[in-house]
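Step one of this worksheet: look at the structure below.
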Amino acid sequence: MTMNPWITHLMKRLFPPQVLLPDIIGIDIGLTVAAIAAIVFLTKTKRWGWLWREWITTVDHKKIGIMYLLAALVMLFRGGVDALMIRTQLIAPHQHFMSAQQYDEVFTTHGTVMIFFMAMPMVFALFNVAVPLMIGARDVAFPRLNAISFWLFAFGAILLNISFSIGGSPDAGWMSYPPYSELMFNPGVGENYFLLSLQVAGIGTIATGINFLVTVLRLRAPGMTLTRIPIFAWSALITSSLILFAFPPLTVALGLTMLDRIFGASFFTLGHQGMPMMYANLFWIFGHPEVYILIMPAFGVFSEVVPTFSKKPLFGYEAMVVSLLAISILSYGTWVHHFFEMGAGPGVNSFFGLSTMLIAIPTGVKMFNWIFTMWGGRIRVSVPMLWQLGFIPTFVVGGATGVMLAAVPADYQYHNSYFLIAHFHNVILGGTVFGVLSGMYYWWPKMFGWKLNERQGVWAFVFFVVGFWLTFMPQYFLGFQGMTRRMSTYPPGLGWTALNFWSTIGAYVMGVGFLIMVYNIIWSRIHPDWDTTGDPWDGRTMEWSLPSPAPEYNFARIPHVHSRDEWWEMKQEGRTDEVKISEETVHAIHMPRNTPMPVLLALAFFVGSIGMVFEWFWLAILGGLGVVAALTYGSFADYSEKEISRDTILHTEAQLGRVES
Amino acid sequence: MDIQRHLPPPEPTGHGDEVEVRILTPHIAQPHFPAMQVTGYGLSLAITLIAFAMVAYHWMGLNTLVTVLIVMAFIQGALQLGIFMHLREAKGTLWHLPVLALALFIGLGIVGFSMWIMLFKSGVS
Ligand code: HEM
Ligand SMILES: [Cu+2]
């Protein structure tokens with residue numbers, strides 16, 4: 001039988017040998033079965049219309065937040081599986097669980113997925129869920145843009161995630177430095193996937209930055225001055241400004257690399273006087289602020305969780321804000337610490353080494369503020385607080401090893417060793433991830449109306465934290481003993497074997513912790529512990545004055561804010577009835593309508609990106625036209641708002657017991 | 001084509017930031033063809049292409065090239081801010097001024113530092 005040569009060519013391009021490994025084919029089959037099952041389920045239960053109306057076209061920040069959260073949990077699973085594959089390979093010397101090539105692909109997707117498609121959406125989930133509620137707003141400033149951001153992220157994530165079964169995964173690490181990511185050394189479509197997926201998701205991220213910047217600056221309830229907004233909202237504000245300045249350099253770096261790979265330019269190539277190091281420079285102008293984009297929301301979460309669970313106002317509110325601002329400014333001036341070894345010379349290196357060490361100061365200030373908030377407080381050790389208590393030691397170790405790395409001569413030893421790996425997992429896993437998980441448990445009742453089971457939550461925490469320390473402490477010592485990052489295997493006799501073994505066991509323990517967490521979510525969904533008060537934790541900020549989950553319009557009447565912990569004050573002074581409405585005070589509310597434009601726009605980006613990845617320019621142009629069409633439609637469509645009538649509001653609020661009789 | 005938008009009169013936000021800045025008062029009503037935007041779009045594309053061409057075809061020596069590029073970058077920035085970023089359409093608060101100053105500071109910082117960092121390369125290649 002002879003096949004049409006065109007088809008043979010296409011099949012070879014879509015399915016090169018690297019995606020035809022037995023395990024990948026197994027996953028492909030599993031995913032196909034799962035997708036068919038999902039489609040059958042949705043059709044049988046007639047839920048397509050519901051899915052479209054309630055979720056896909058929604059512009060409601062609360063629903064967008066939930067979608068971000070679920071997507072991030074799925075990505076945490078994907079990235080976690082990658083991590084376990086990496087650790088399995090390294091459990092003992094000379095393992096060949098994966099080939100070196102597959103190992104490279106797995107650590108590349110692990111890093112990329114975890115940073116861009118797990119941590120970032122987790123952060124955005126919490127922003128969406130909490131910020132408008134805590135500042136007394138009915139939605140974010142630009143609800144439609146918010147939906148666009150989400151769908152761009154979602155399609156960016158899909159793009160990266162299909163690479164392993166169609167066309168081949170990227171394999172040049174999460175920062176994809178040239179020259180290795182150059183076309184000459186890295187043919188195939190993997191790197192194109194990397195470039196396009198981050199580009200698409202990145203546009204969404206920049207839009208989210210703008211959105212929350214404006215939301216916090218302009219949509220605060222009357223009386224909520226800048227010195228009264230909850231620290232989490234401050235962290236959203238400052239994170240957004242960091243996003244706004246940090247992501248464009250990434251856009252540029254990715255864009256120019258794309259020109260190099262697809263159109264034969266030579267910005268970063270070895271030949272034609274390209275400057276590969278300029279890529280590293282641009283990447284880290286983005287990359288260092290990025291790590292603070294990831295950590296500051298966690299700081300924000302803890303600044304909410306600690307006062308609530310200590311029943312005390314936050315110690316040093318002003319110091320918190322000033323240190324957040326200081327971190328954000330300083331974090332622009334430290335990026336060279338990621339490439340001290342490039343050879344820029346002592347002047348440049350000492351400047352950036354010093355600026356890096358300076359960052360530890362405002363960070364330390366925050367640590368003390370949380371501790372002093374707990375000091376003398378009545379502490380309840382609920383799950384969100386547990387994650388905070390787990391965070392303090394992990395983050396202190398992470399920060400201290402960061403300062404060690406900032407000492408330039410020492411960094412010549414540590415750089416790209418397992419010491420570095422342990423450092424950034426200490427701060428990202430032990431900082432950002434602990435923070436967003438704390439926030440997830442904290443705001444879960446506000447999102448869904450039921451609490452997550454405490455006992456199971458504690459077990460998940462214990463496994464996760466024990467696994468965490470067991471995984472990463474040995475890695476510092478592996479670093480001291482000379483093991484470098486990204487080795488796909490190692491020989492015996494170097495003193496690395498036992499440390500690697502324990503590190504792998506720790507990773508499995510963490511995996512068990514994750515599974516318990518999933519069980520916790522599913523179990524609590526089946527046996528819901530309803531939150532009827534709207535204030536399950538005896539909270540302090542405005543979101544707890546609302547029912548759980550909040551009605552579509554959030555606040556029937558926008559509150560007037562008089563103090564920092566407004567809801568707490570209201571409870572203390574017995575003024576909680578102020579949140580109730582009456583026949584006289586209620587007005588009709590205008591809310592934005594649902595629209596299919598965001599998802600169609602993102603779909604067009606996706607189609608165009610596939611065209612660029614495979615260099616099918618007709619498809620890229622088609623996608624581009626789709627983008628223009630969606631934007632044109634978006635500009636001229638009718639955006640009259642829908643009106644929620646007084647009667648509907650009265651009815652809804654009466655059911656919640658929030659109407660004055 | 002009628003792109004008339006009616007802005008409600010600025011509502012007091014209660015934040016005490018209502019400072020009226022004359023040159024920043026709204027210019028949104030625009031019942032005619034957006035000639036300015038189209039010209040601005042054309043100009044910014046042209047500037048980008050010329051910049052690429054200058055580098056690709058070695059129109060001038062390194063130092064002149066860098067200077068000319070920086071000047072063009074400023075023109076580009078001014079075009080974007082003035083025509084597309086609604087700089088002249090603010091509703092009379094001073095929010096943007098510190099933010100713009102910060103943007104300028106960080107932008108210049110990034111460019112300046114990058115040049116300083118990458119200088120060592122010029123001796124090599
Ligand atoms: C006290 C604060 C910190 C200091 C002084 C610090 C310092 C450093 C230094 C000097 C490096 C480069 C080491 C090398 O490549 O040899 C580094 C790498 C890194 N840091 Fe930190 N850091 C701090 C906090 C953080 C935080 C809060 C995060 C993230 C939440 C973070 C994430 C990372 C990442 C992801 C890398 C390495 C990325 C890579 O090469 O793949 N760091 N840090
Ligand atoms: Cu850094």
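Below, chains carry the letters A, B, ... as their sequence lines are ordered, and counting in each starts from 1. What you see is a predicted model; the values in this text were computed from it and never measured.
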Checking [X] against chain B: side chain, backbone, both or neither under 4.5 Å from a heavy atom?
X	answer
A:L259	side chain
A:I329	side chain
A:V336	side chain

For [X], look at atom [atom1] and say whether over 12 heavy atoms of other residues, nucleotides or ligands are found less than 6.0 Å away.
X	atom1	result
A:Y412	OH	yes
B:F52	CZ	no
B:Y57	OH	no
A:M184	CE	yes

Between A:F352 and B:I117, is there a side-chain heavy-atom distance shorter than 4.5 Å?
yes

Supply the atom-to-atom distance [X] [atom1] to [Y] [atom2], rounded to the nearest 0.5 angstrom.
X	Y	atom1	atom2	answer
A:W335	B:I110	CH2	CD1	6.0 Å
A:W284	B:S114	CH2	OG	15.0 Å
A:L282	B:M118	CG	CE	8.5 Å

At a heavy-atom separation under 4.5 Å, does B:A103 approach chain A through its side chain, its backbone, both, or neither?
both

Taking it one step at a time, do B:F113 and A:I285 satisfy side chain to side chain contact (heavy atoms under 4.5 Å, CB included)?
CA-CA 10 Å; B:F113 272 135; A:I285 292 174; over 6 Å; no

